[in-house]
Each structure stands twice: as C-alpha cells, then as structure tokens.
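Report on one structure; see the data block that follows.
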Amino acid sequence: WTTMSTTSSRSSSALRSTTTTTTTTASVIDFSKYEGLGNDFILIDDRDRDTPSLTPDASEKLCNRNFGIGGDGVIFALKPPSSEYDFSMRIYNSDGSEPEMCGNGIRCFAQFLKDLGADAESYNVDTLAGKIIPLMNDDGTITVDMGEPILKAADVPTTLSANYEDKISVVEQDLECNGKNWKVSAVSMGNPHCIIFVDDLENDIDFESDGPALESCTDAFPAKTNVEFVQVMSDTHLKMKVWERGAGPTLACGTGTCALVIAAIQAGKIPSGNTVRVTLPGGDLFIKWNKDTDNKVFMTGPATYTFSGKAALK
Ligand SMILES: N[C@H](CCC[C@H](N)C(=O)O)C(=O)O
C-alpha cells in the first residue's frame with residue numbers, strides 16, 4: 001500500500017517542472033472489530049502462527065481512537081499448542097501490556113472464529129490463564145467456562161493478608177490508597193482484580209482519581225490490578241463500574257465481573273448458588289459460580305461484530 005504524492009517545482013531559469021514522487025510504504029493488516037457490552041477489541045486472524053503477528057507497540061497504536069482503529073485491546077487467534085486445544089488466544093491491552101485473560105474478549109474471539117467459518121458449538125481455547133471454553137448458545141449469546149477463581153493471596157497476586165476460609169482469601173481487607181481507607185477484596189480469574197463494595201456507586205468514589213491510583217497500587221498488587229467498584233442491589237443483582245489495568249475506564253470487564261461475584265459471595269454480601277445479574281456501564285452479564293460442586297465460574301453475555309477493514313501499521 002503506497003501513497004503517491006507528487007510535488008512540482010519550477011526552476012527559476014526555465015518553466016520546466018520537475019516532479020519528485022515520494023512514496024510512503026507502510027504494511028497494511030486485515031482486522032475485524034467486535035465488542036462485548038461495549039468492551040471493544042481488534043481481532044487478528046493469526047491461526048497459521050504460534051505467536052501474535054503484531055508487537056505490543058503496534059497493537060497500542062492500533063488501539064488509539066484518533067490515530068488508529070480504536071479499541072480496548074488487540075486479540076489474536078493463534079494455532080493451538082497441542083491437540084488438546086482448538087485454538088490459542090493472546091491479547092494486548094490498549095496500553096500494550098499483555099494480560100492473562102479477557103472475559104469479554106474470549107466471547108468476541110469465539111464469535112470471530114464462528115464468523116471465519118468454524119462451526120463448533122464450543123472451543124477449547126489455550127490462554128495464559130489456562131483452558132477457557134466458550135459455548136455458542138442458540139440465542140446468539142455465549143456462555144464461557146472461565147475455570148476456577150484464584151483466591152490464594154500470593155497467586156492473585158496481592159500482598160494483602162488472607163483472612164478468610166483457610167486463611168487463603170483476601171476479603172474486605174484494609175488498604176490505604178489515594179488518601180482514602182478502602183475495604184478491599186482480591187480475586188484472580190487469571191488476571192488480578194481489586195474489588196471494593198460501596199453503598200452508592202455514583203457518590204462514594206472519585207472514579208477518575210481512585211481508579212488509576214488503585215490500578216497502580218503495586219505495594220498491594222505487585223502486577224498492578226483491575227479495579228471494580230460494586231453496589232449490591234439484591235441477592236441476585238449487582239451493579240459495577242470498572243477501571244481496567246492497562247486500559248482504564250471501560251464499559252465492561254468480563255473477568256472483573258466474575259471476580260466481583262466471587263468476592264460478594266466470599267464476603268457474605270450475597271448467597272452462593274444463584275445466577276447473578278451484574279449490570280455494567282455497557283449492559284448485563286450473568287455469572288454462576290459452582291462454589292459447592294466443580295468450583296467453576298460461568299459467564300454469559302453477548303459478542304457483536306461491528307466492522308472489518310485494513311489498517312496501516314505505523
Ligand atoms: N485489562 C485486563 C484484561 C482485559 C480484561 C477485560 N477486558 C475482560 O473483559 O475480562 C487486565 O489487564 O487484566
């Protein structure tokens with residue numbers, strides 16, 4: 001893909017014009033855009049590769065909403081590491097950092113595969129958070145087996161002390177950050193989440209200030225963290241706002257929604273055993289934690305194609 005720009009100049013001695021042609025050659029990539037409750041991703045078909053075809057830096061540039069395509073991250077569909085899997089998924093956040101997993105992203109990933117012609121009902125996907133299994137529902141939603149929550153403090157990772165159930169879970173522990181004292185719960189879904197329960201989402205937090213401060217509170221979260229502020233509406237309905245690690249304020253966070261339901265149950269704010277509706281800025285997700293059986297977390301929600309195109313790599 002080249003742009004031809006010609007400039008002509010007229011020499012003082014003659015009216016001959018000289019044309020110099022400059023060409024700007026940049027490689028061009030094919031992409032598709034998908035979103036899950038407004039958490040939007042650039043999807044790249046790298047199914048013939050083991051590793052992403054784009055660097056974190058190129059991905060960050062593509063996520064720029066003025067100078068690039070725009071997105072909360074770039075997701076790569078890669079060949080599987082073994083016959084145990086159908087595909088591998090890798091993701092870069094919009095700041096170029098690489099998280100272990102992405103809940104809205106894996107639904108978009110599954111829809112992308114379906115639109116590329118894969119016709120399975122479910123997929124075994126290899127991720128940095130382990131095996132994740134999206135199931136395509138007849139109504140167009142996607143239910144994802146997100147695996148088991150990670151509650152052991154050292155594995156989240158968090159330095160906050162464990163204080164619950166065999167002293168492995170971090171539930172409503174004290175943390176001072178951004179000049180405020182917080183009650184923090186810490187859960188990982190492969191990626192770390194700092195969960196804070198508030199009485200009033202709109203008035204109890206200074207989101208644009210508290211969010212980034214907690215995200216980067218590496219004393220408590222050595223790998224930084226996603227931050228979910230949660231208001232309990234009923235035993236089966238929660239409301240949340242999310243400040244994501246490496247992406248900032250997003251309209252939805254699937255792993256964060258799973259994590260906050262786990263934290264709400266661990267903290268005794270809602271009973272276990274139900275499917276919980278979580279209202280995010282971008283819409284609702286439905287979460288079920290099989291706490292007393294296989295300990296797996298299931299998330300159900302939409303994944304929507306928005307557009308495809310070609311983009312210049314800068
Ligand atoms: N920003 C997250 C990754 C994306 C997670 C979120 N978009 C989701 O839907 O789970 C992190 O650095 O852990």
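Numbering of ligands and ligand atoms starts at 1, following listing order.
At the shortest separation from atom 9 (O) of ligand 1 among protein heavy atoms lies Gly254 N, 2.8 Å. Taking atom 5 (C) of ligand 1 as the reference point, the nearest protein heavy-atom neighbour is Glu244 OE1, 3.4 Å.
Classification of Asp126 and Lys131 as a salt-bridged pair fails, no side-chain N sitting under 4.0 Å from a carboxylate O. A salt bridge does not link Arg245 with Glu215: none of the charged nitrogens is closer than 4.0 Å to a carboxylate oxygen.
Less than 4.0 angstrom separates some heavy atom of Asn93 from each of these atoms of ligand 1: 1 (N), 2 (C), 3 (C), 4 (C), 11 (C), 12 (O). For ligand 1 and Arg245, the ligand atoms under 4.0 Å from any heavy atom of the residue are 1 (N), 2 (C), 11 (C), 12 (O), 13 (O). Of all atoms in ligand 1, listed by their number and element, those nearer than 4.0 Å to a heavy atom of Pro99 are 3 (C), 11 (C), 12 (O), 13 (O). Below 4.0 Å from some heavy atom of Gly103 lie the following atoms of ligand 1, by number and element: 8 (C), 9 (O), 10 (O). For ligand 1, the atoms sitting less than 4.0 Å from at least one non-hydrogen atom of Thr255 are 5 (C), 8 (C), 10 (O), numbered in the order shown with element in parentheses.
Contact annotation: for Asn226 versus ligand 1, heavy atoms closer than 4.0 Å belong to the side chain alone. Under 4.0 angstrom from ligand 1, the non-hydrogen atoms of Asn39 all belong to its side chain. When heavy-atom distances to ligand 1 are checked against a 4.0 Å cut-off, Asn104 comes that close through both its backbone and its side chain. With a 4.0 Å cut-off on non-hydrogen atoms, Ala247 does not touch ligand 1 at all.
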For the pair Thr250 and Asp72, evaluate side-chain hydrogen bond (donor to acceptor under 3.5 Å, both in side chains) and give the outcome as yes or no after the intermediate values.
CA-CA 7 Å; Thr250 62; Asp72 289 329; 5.2 Å; no
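Taking the ring pair (Phe, Tyr, Trp, His ring centres under 6.0 Å) definition, one finds that Phe307 meets it with Phe31, sequence neighbours left out.
With a 6.0 Å radius and a threshold of 12 heavy atoms from other residues, nucleotides or ligands, Lys288 has its NZ atom above the threshold. By the 6.0 Å contact criterion, CG on Asp294 is enclosed, its count of non-hydrogen atoms from other residues, nucleotides or ligands being greater than 12.
Tested against Thr300, the residues Asp139, Thr143, Thr141 include a single side chain to side chain donor-acceptor pair (under 3.5 Å) partner, Thr143. The one candidate from Phe112, Phe109, Phe87, Tyr92 that meets the ring-ring contact (aromatic ring centres under 6.0 Å, His included) condition with Phe76 is Tyr92.
Residue contacts with ligand 1: Glu100 is placed with no nitrogen or oxygen under 3.5 Å of a nitrogen or oxygen of the ligand (distance criterion only).
Between the side chain of Asp145 and the main chain of Gly147, a donor-acceptor pair closer than 3.5 Å is present.
Within the structure, the closest approach of Gly246 to ligand 1 does not fall below 4.0 Å when heavy atoms are considered. Using a non-hydrogen distance threshold of 4.0 Å, Thr250 does not register as a contact of ligand 1.
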